[in-house]
Structure formats: C-alpha cells, structure tokens
Amino acid sequence: MDARALANGVRKRCPLCGGRDIFASYFTIRERCGSCELQFAREDGYWLGAMVVAMTLVVVAFAAVFLGGLALTWPDPPWTGLLIVTAGVNLLLPILAYPWCMTVWMGLHHAVVTSDRDEGTQPRYDR
Ligand SMILES: [Zn+2]
C-alpha cells in the first residue's frame with residue numbers, strides 16, 4: 001500500500017505528485033492534475049467511492065456527536081437539542097467535506113492500485 005498517495009489525498013492534493021492545483025472551484029475538480037496531468041476520474045462512476053467516504057464520515061460524526069451528547073448530559077439528555085445538532089451535522093458535514101472526500105477517495109484508490117498492480121513503479125494512466 002502506497003501510504004504517500006493516501007497522505008496526499010488526506011491533504012487535499014493530487015495522489016500521485018502531491019500537486020495542489022486540482023480544484024477549479026470548491027465543488028469542481030479538474031479533469032487532470034495541473035502538475036503531473038494525472039487523469040482524476042478514470043471511468044464512469046469513479047466518484048461513487050467518494051460518496052462512500054462521505055457516508056462513512058457522516059456515520060462516524062453522527063455517532064460521535066450523538067453518543068458524546070448522551071454521555072455529557074446523561075441521565076437527562078436534551079433529545080430535541082441532540083436531534084437538531086445531529087441533523088445539522090448530517091446535513092452540513094458532507095457539503096463542507098465534499099472536496100476532501102474526493103481527494104481521500106483518490107488517495108485510497110491510488111494506494112491500492114499501486115500496491116496491487118504497479119508495485120515499485122508509477123501507475124499507468126492516460127496522459
Ligand atoms: Zn499530480
């Protein structure tokens with residue numbers, strides 16, 4: 001597993017070269033990396049993996065906020081307040097983390113691709 005690719009994804013950078021010029025706007029990722037010209041979306045449905053990253057993030061955040069709220073306020077938890085806060089987290093977090101989920105997905109994908117198919121070499125992508 002190529003931990004460097006995953007680390008680049010966590011830092012919102014190109015998984016291959018670590019370049020920062022990968023987003024055209026907050027919600028729009030460029031077709032290719034501005035530094036190494038790596039093609040980001042390699043096939044139709046590629047970004048479904050980013051949705052899985054987002055859903056995982058939301059589930060973990062929901063559990064942390066809900067269980068943390070229960071633990072802090074037990075034995076008399078404010079149910080309506082917990083509902084409002086957890087619903088807010090569930091609505092806002094995927095929007096705020098949208099670019100990060102895309103780059104983490106690319107990092108995960110490249111980490112697995114390089115370890116499974118291209119150990120010791122750079123991945124072969126369309127240029
Ligand atoms: Zn790059």
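Ligands are counted one by one from 1 in listed order, and the atoms in each one are counted from 1 as well.
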Arg20, CZ: over 12 other non-hydrogen atoms inside 6.0 angstrom: no
Heteroatom count (protein N, O or S) under 2.8 Å of the Zn ion (ligand 1): 4
Ring pair (Phe, Tyr, Trp, His ring centres under 6.0 Å) contacts touching residues 53-86 (sequence neighbours left out): Phe62-Phe66
side-chain contact (heavy atoms from CB on, under 4.5 Å) between His110 and Leu38, worked out: CA-CA 11 Å; His110 286 255; Leu38 171 72; 3.5 Å; yes
Interatomic distance, Ser35 atom OG to Leu16 atom CG [nearest 0.5 angstrom]: 10.0 Å
Hydrophobic cluster (4.5 angstrom, side-chain heavy atoms) - remaining members for Leu48: Met51
Listed once per pair and sorted, the salt bridge (charged side-chain N to carboxylate O under 4.0 Å, His left out) pairs that draw on residues 6-16, sequence neighbours left out: none
